[in-house]
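The structure appears right after this line, and notes come after that.
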Amino acid sequence: MEITTGACRLGLWFVHVSWQGDLVLRVRFSRQGVESSVPAPIRRYCAGQREDLLALTSTATEGDSVMARIYREVRRVPYGETATYGAIAAKVGTAPRVVGMAMARNPTPLVIPCHRIVAKGGIGGFSPEVGIKEHLLSLERRAARKNGEFNPDL
DNA sequence: CAGTGTTCAGGAT
DNA sequence: ATCCTGAACACTG
C-alpha cells in the first residue's frame, strides 16, 4: 500500500498527516496548508465529531521501550478526559519528566493523544503552540457534552 | 555532558 | 502560605 500525505483544517491551524492504510506515520501542525485528503477518522475528529481515533495505529506504540509503553498508556486516556504526566509515569514505572519528553517527541499527535496529558497544576506544554492543546481539549469537551456525557473535570 | 511539555520531599522565608 | 533546591528518569545533540 502506498504512503499518502494530506492535510485538513483545525481551527487556526492545519493538520498534516502522512499515512499508509490504518497506520499513521506522522502528524504535524502548522499555520500553513492546503485542504486535501486525510484518513476519515481524523477528518471527523477535526470537524469536532466525537472520534477516539482508536481505529488508527501508530508505529510509535510498537516495541518494548519505555517510550512505546508510555505511548500505549496515553492512548488509553478516553476522549474528553485528561491525565497528568505523573499518573502516566506511575503506570509505566518511570519519572514524570520522561513522560514529558515522550510527549514532546510524539511523532503522531491525535493518534497518540498527548494533548490529554496535563501538568498537575496547569495545562503543561505543547509544541508548536499550547494554543493547539487548548483548542483540542475544548473541542473534546464540547463534543463529549453534546453526547450527553457529564464531565465535571476540565 | 546539558537539557527536556514534571513532580515530590525537604527546608527556608 | 509561597519559594527555592535537588533528585529521579529516558533519551538526544
Side-chain angles (χ1 to χ4, degrees), chain A residues 3 5-20 23-33 38-39 41-145 149 151-154:
Chain A
I3 295 180
T5 63
C8 81
R9 200 155 207 127
L10 174 78
L12 300 172
W13 301 272
F14 280 89
V15 183
H16 301 265
V17 188
S18 164
W19 78 101
Q20 190 172 192
L23 180 67
V24 178
L25 307 173
R26 186 147 182 243
V27 175
R28 96 192 141 78
F29 301 96
S30 87
R31 293 277 185 171
Q32 315 292 329
V38 295
I42 291 184
R43 179 166 302 286
R44 287 194 294 272
Y45 180 94
C46 291
Q49 297 178 36
R50 170 151 203 156
E51 170 63 65
D52 59 20
L53 301 179
L54 257 35
L56 301 174
T57 59
S58 165
T59 49
T61 61
E62 296 168 3
D64 260 335
S65 67
V66 171
M67 292 290 151
R69 301 209 325 270
I70 290 173
Y71 291 138
R72 285 197 288 271
E73 202 57 53
V74 169
R75 287 206 81 183
R76 300 166 53 85
V77 179
Y79 187 100
E81 294 182 26
T82 60
T84 62
Y85 297 97
I88 300 296
K91 290 193 175 187
V92 172
T94 185
R97 187 148 199 186
V98 178
V99 175
M101 200 210 88
M103 297 307 95
R105 300 198 167 297
N106 176 12
T108 57
L110 304 188
V111 178
I112 296 168
C114 57
H115 59 280
R116 295 181 195 143
I117 309 306
V118 298
K120 192 180 183 189
I123 191 170
F126 197 87
S127 48
E129 301 175 48
V130 284
I132 300 173
K133 191 173 186 173
E134 292 165 350
H135 183 86
L136 292 171
L137 289 175
S138 66
L139 177 99
E140 294 192 4
R141 264 201 314 266
R142 279 197 299 277
R145 212 188 312 269
E149 292 170 36
N151 292 40
D153 49 335
L154 310 188

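Chain letters run A, B, ... following the sequence lines, proteins first and then strands; every chain starts at 1. As the structure is a prediction and not an experimental result, all values here were calculated from the model.
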Touch class at under 4.0 angstrom, heavy-atom based, for A:I117 against every strand present: base
Touch class at under 4.0 angstrom, heavy-atom based, for A:A104 against every strand present: base
Over how many whole Å does the gap from [X] atom [atom1] to [N] atom [atom2] extend?
| X | N | atom1 | atom2 | value |
| --- | --- | --- | --- | --- |
| A:R69 | C:dC9 | CZ | C1' | 12 Å |
| A:I70 | B:dT6 | CD1 | P | 13 Å |
| A:M103 | C:dC9 | CE | P | 19 Å |
| A:D64 | C:dC11 | CG | P | 12 Å |
| A:M101 | B:dT7 | CE | C1' | 17 Å |
| A:Y71 | C:dC11 | OH | C1' | 10 Å |

Using a 3.5 Å distance criterion without hydrogens, assess whether the side chain of [X] forms a donor-acceptor pair with backbone atoms of [Y].
| X | Y | result |
| --- | --- | --- |
| A:R44 | A:Q49 | no |
| A:R28 | A:H16 | no |
| A:K91 | A:V74 | no |
| A:R75 | A:L53 | yes |

C:dC3 and B:dG5, which share atom name P, separated by this distance in whole Å: 23 Å
Span that lies between the P atom of B:dA2 and that of C:dG6, in whole angstrom: 13 Å
Name the closest nucleotide to the [X] side chain, picking from [options].
| X | options | answer |
| --- | --- | --- |
| A:C114 | C:dT12, B:dG5, C:dA10 | B:dG5 |
| A:K120 | B:dG5, C:dA10, B:dC8 | B:dC8 |
| A:K133 | B:dT7, C:dA10, B:dG5 | B:dG5 |

Any side-chain heavy-atom pair of A:I123 and A:L137 under 4.5 Å: yes
4.5 Å side-chain heavy-atom contact, A:R105 and A:M67: no
Heavy atoms of other groups near A:R50 CZ, more than 12 under 6.0 Å: yes
Criterion side chain to side chain contact (heavy atoms under 4.5 Å, CB included) on A:E129 and A:R31, from CA distance to verdict: CA-CA 11 Å; A:E129 301 175 48; A:R31 293 277 185 171; 3.1 Å; yes
Those residues of residues 85-97 of chain A lying under 4.0 Å from DNA chain B by at least one heavy atom: A:Y85, A:G86, A:P96, A:R97
Watson-Crick or G-U pairs under 3.5 Å in DNA chain C, rendered as dot-bracket with [ ] for crossing pairs and | for another strand: ||||||||.||||
Donor on one side chain, acceptor on other, A:Y71 and A:E62, under 3.5 Å: no
